[in-house]
Amino acid sequence: MKRTTKLSGMLRAALRGPRRALAPAVVLAAAAGVLAPAPAHAAPACDAQRSAPPVEVAHISDWVESIAVDQRGRMFATAYFTGRVYRIDAPGSTPVPLTGNIGANGGIVVREDGRLLVGTGNDALHSLTGDALPLSKLLLVDPESGQVSTYASGLGGIDGVALAPDGTVYTTTVGGRSIGRVTPDGRVDPSWAQVQQPNGIAVSPDGTEVYVIQTTVAPGLYRIPADDPAHLRRWISTAPSDALALPDGLTLDGRGRPLIATHAAGQIWRVEGDSLCTVESGLYLSTQITYGHGDRGFSAGKLYRSGVNGRIYEVPAGAEPDQRAGASALR
């Protein structure tokens with residue numbers, strides 16, 4: 001019962017404020033809190049050696065759907081209810097609204113030129129109808145001025161966003177099956193590949209594969225050949241006890257291994273070979289994880305997590321090996 005109470009309380013806190021159409025994830029997370037009265041710990045710990053606990057490094061008074069860090073160590077976050085993009089210059093800094101309400105309630109990535117790509121249409125209406133009516137936009141945002149322009153349109157309600165080394169962009173629509181693709185020359189395919197309830201997404205370091213999380217029904221991780229999307233394969237399935245774990249955001253570590261944030265399980269998983277292990281536990285309603293960059297601010301080698309409650313944590317247990325000994329400057 002403790003877990004159900006905790007999840008319910010966090011949902012109530014997250015849903016205070018402006019009321020807009022709820023993302024499917026809200027309903028799914030609430031259902032998981034009711035239907036899964038005891039925590040599942042099917043994935044073993046990745047490392048028997050204890051690490052420092054997570055530490056809060058920033059807080060936005062909104063549902064934080066996605067985070068990304070640029071080469072200067074600055075973090076950018078999409079806020080679900082207000083539709084804003086925030087910039088956080090360093091751990092402990094006050095988040096600054098970079099934009100107004102631009103509907104940026106989906107994924108966010110940083111391009112090589114430093115500009116941001118952010119997804120819109122992650123509300124229930126656009127997400128659930130996105131397969132049939134791909135009307136959502138991918139926006140280009142200047143990280144300094146906050147100037148916004150349309151990068152691509154004609155996509156399903158955008159939840160996850162991933163950027164390939166060649167500049168190709170991939171998107172997911174969690175309320176449907178569509179995985180969209182936008183090529184560097186601007187061609188848009190809203191149904192490039194199909195995975196049921198696709199959520200977190202990432203591209204392999206060499207750009208040859210796209211990794212996609214199926215978040216509900218039968219949670220798991222797919223591998224999609226970038227040059228042959230019809231021949232995708234299910235790479236890893238969760239254990240039956242994690243059927244309601246609600247895996248969400250996806251990122252890759254320095255070795256190219258996927259890490260997965262979960263809503264209801266409260267865990268961060270990592271792929272080891274063809275199985276999952278647990279990096280960290282107790283972080284319920286997580287939405288995204290990402291690694292830092294550069295030598296300052298949210299720096300390289302450190303892992304960060306965002307959540308429905310707007311709290312962003314550094315997760316030392318997920319740090320790259322040469323960073324594990326270091327703790328957050330805020331500790």
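Because only heavy atoms are used, hydrogens play no part in the values below, and waters and symmetry mates are left out as well, while side chains stay in. Only a predicted model underlies this, so the values are computations on that prediction, with no experimental measurement involved.
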Report yes if some heavy atom in the side chain of [X] is under 4.5 Å from a heavy atom in the side chain of [Y]; otherwise report no.
X: Thr173; Y: Asp159; value: no
X: Asn105; Y: Phe81; value: no
X: Asp227; Y: Thr208; value: no
X: Cys277; Y: Trp269; value: no
X: Leu140; Y: Leu116; value: no
X: Tyr151; Y: Val118; value: no
X: Pro54; Y: Leu283; value: yes
X: Val203; Y: Glu209; value: no

If a pair satisfies ring pair (Phe, Tyr, Trp, His ring centres under 6.0 Å) and one of its residues is in residues 163-202, list it, with sequence neighbours excluded.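 Passing the test, one end in residues 163-202: Tyr170-Trp192.
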
Please check if any side-chain donor atom of [X] sits under 3.5 Å from a side-chain acceptor atom of [Y], or the reverse.
X: Asn101; Y: Thr82; answer: no
X: Arg84; Y: Thr99; answer: no
X: Thr120; Y: Ser136; answer: no
X: Arg234; Y: Tyr222; answer: yes
X: Ser178; Y: Ser191; answer: yes

Ionic contact status for Asp253 with Arg255, cut-off 4.0 Å: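 Judged by the 4.0 Å cut-off on N to carboxylate O distance, Arg255 and Asp253 do not form a salt bridge.
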
Ion pair present between Arg187 and Asp189, side-chain N to carboxylate O less than 4.0 angstrom?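 Salt bridge: no.
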
Show your reasoning for whether side chain to side chain contact (heavy atoms under 4.5 Å, CB included) applies to Val212 and Leu221. CA-CA 6 Å; Val212 176; Leu221 179 63; 5.9 Å; no

Contacts of type salt bridge (Lys or Arg N to Asp or Glu O under 4.0 Å), residue Glu144, not counting sequence neighbours: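 Here the qualifying residues are Arg72, Arg74.
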
Separation of [Y] [atom2] from [X] [atom1] (nearest 0.5 Å):
X: Thr251; Y: Arg270; atom1: OG1; atom2: CZ; result: 13.0 Å
X: Ile60; Y: Asn309; atom1: CD1; atom2: CG; result: 11.0 Å
X: Thr216; Y: Gln197; atom1: OG1; atom2: CD; result: 3.5 Å
X: Arg311; Y: Glu56; atom1: CZ; atom2: CD; result: 4.5 Å

Which pair of non-hydrogen atoms, one from Gly318 and one from Tyr291, has the smallest distance, and what is that distance?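 That closest heavy-atom pairing would be O-OH, 2.6 Å.
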
Grab the two heavy atoms, one from Ala43 and one from Asp242, that are nearest each other, plus how far apart they are.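 Closest pair (atom of Ala43, atom of Asp242, distance): N-OD2, 4.2 Å.
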
Parallel, tilted or perpendicular, judged at 30° and 60°: which one describes the rings of Tyr304 and Phe298?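 Rings of Tyr304 and Phe298: perpendicular, as their planes differ by over 60°.
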
Atom CD of residue position Gln196 - does it have more than 12 heavy atoms of other residues, nucleotides or ligands inside 6.0 Å?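 Yes.
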
Could you go through the side chain to side chain contact (heavy atoms under 4.5 Å, CB included) check for Val148 and Asp142 one step at a time? CA-CA 7 Å; Val148 179; Asp142 186 281; over 6 Å; no

